[in-house]
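Data block below; observations after.
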Amino acid sequence: MQRLALVGANGMLARKVRELVPAGCALAEFDLPDFDIADGDAVRAAMERCRPAVIVNCAAYTNVDGAEADEPLAMRVNGLGPGHLARAAGEVGAILVHVSTDYVFDGGKTTPYAEDDPVAPMSAYGRSKLAGEEAIRASGLTAYYIVRTSWLYGPGGKNFVETVIRLATEREELRIVDDQIGSPTYTGDLAAALFALLDAGANRAPFGVYHFANGGETSWYGFACEIVALMRQLGMPVAARRIVPIATGDYPLPARRPAYSVFAGDKIRRATGMAIPAWRDSLAAYMRARID
Ligand SMILES: NC(=O)c1ccc[n+]([C@@H]2O[C@H](COP(=O)([O-])OP(=O)(O)OC[C@H]3O[C@@H](n4cnc5c(N)ncnc54)[C@H](OP(=O)(O)O)[C@@H]3O)[C@@H](O)[C@H]2O)c1
């Protein structure tokens, strides 16, 4: 890989992708305000100048509730942007790695979602991300990986782990939704999975759609309990005395979320040979690294 274009380079996931770029591979970074994936001409011109071997798209409009109020903006960025990148990738002969979401599903299943399960987003954000997947397929590009992930956290971003740490140091009681089940995913593990797909020359994984989340499942409540338990173990200050499980309906938000969005990991495991770390192990490692 000679040159990698990292799109959405200032975001949370991009931070970990940058750390894993192989030695000898030149990195070119793109983000707002200089680069807007919703501007097709600008995307094409930038990729023609850069001529990357791989484009990793971490850019997205990620404000899930905000998207309900401005679906056209979410659609331009999440729906049209990936199509612009895919056409540009086709023109310069690059592989596109694009990140999508569990919110393309309605959460009606009770067993892990496979890549070919029917999609049915319930939110503007989910619809916009699905439109992005469809735009890549419609572009005619075949050299792409669409990697759906869920419940992402890591350094340098707004995420559930950081919110719980803040609330647990400030409040005596936390009330957390217990009827949405998913898999927390560490950005470092997802970034490694993206490179595992790209890796190994002739052994490169077949192009297409993949699911990647850390192993195991929990609710937001279970996730919060584990974060606070780790805070105590690590000697961090904890004001929270009670963590109270609540129902989704007790904490109304503009966007509907899937009640269940656990991913089956067998496709990416088979294609790459990678081991998928369990969410508790990755969370513990993240929390330890965070205080070092
Ligand atoms: N976070 C999660 O829980 C989660 C779960 C499942 C899937 N995902 C997906 O994972 C990917 C990475 O998410 P993340 O949490 O790392 O996101 P993030 O931290 O919000 O980063 C996204 C980056 O994209 C930039 N961006 C926004 N609009 C853009 C545009 N029009 N042109 C160029 N850049 C633009 C953002 O800039 P500004 O900050 O200036 O807007 C930001 O730097 C996204 O595709 C997201 O949909 C995330």
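Just follow the structure's listing: the first ligand is 1, and inside any ligand the first atom is 1. Because only heavy atoms are used, hydrogens play no part in the values below, and waters and symmetry mates are left out as well, while side chains stay in.
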Item to check | Aromatic ring pairing Trp220/Phe160, orientation class (parallel under 30°, perpendicular over 60°, tilted between) | outcome: tilted
Checklist entry - Less than 6.0 Å separating the ring centroids of Tyr144 and Phe207? => result no
Next on the checklist: My understanding is that only one of Asp102, Thr248, Asp65 makes a side chain to side chain donor-acceptor pair (under 3.5 Å) with Arg257; could you say which?
Outcome noted: Asp65
Starting from the N and O atoms of ligand 1, find every protein N or O within less than 3.5 Å and list the pair with its distance.
from	atom 1	to	atom 2	distance (Å)
ligand 1	3 (O)	Leu152	N	3.1
ligand 1	16 (O)	Met12	N	3.3
ligand 1	16 (O)	Leu13	N	2.8
ligand 1	19 (O)	Met12	N	2.9
ligand 1	20 (O)	Thr62	OG1	2.7
ligand 1	24 (O)	Ala60	N	3.4
ligand 1	31 (N)	Asp36	OD1	2.7
ligand 1	32 (N)	Ile37	N	3.0
ligand 1	34 (N)	Asp31	OD1	3.3
ligand 1	37 (O)	Asp31	OD1	3.3
ligand 1	43 (O)	Gly11	N	3.3
ligand 1	43 (O)	Asp31	OD2	2.7
ligand 1	45 (O)	Val99	O	3.2
ligand 1	45 (O)	Lys129	NZ	2.7
ligand 1	47 (O)	Tyr125	OH	2.7
ligand 1	47 (O)	Lys129	NZ	2.9

Next on the checklist: Counting C-beta onward and ignoring hydrogens, is there a side-chain heavy-atom pair between Arg127 and Met75 closer than 4.5 Å?
Outcome noted: yes
Item to check | Modelled atom types, side-chain donor and acceptor of Asp178 and Ser219, under 3.5 Å | outcome: yes
Next on the checklist: For a quick check under 3.5 Å, do Ser100 and Glu133 share a side-chain donor-acceptor pair by atom type?
Outcome noted: yes
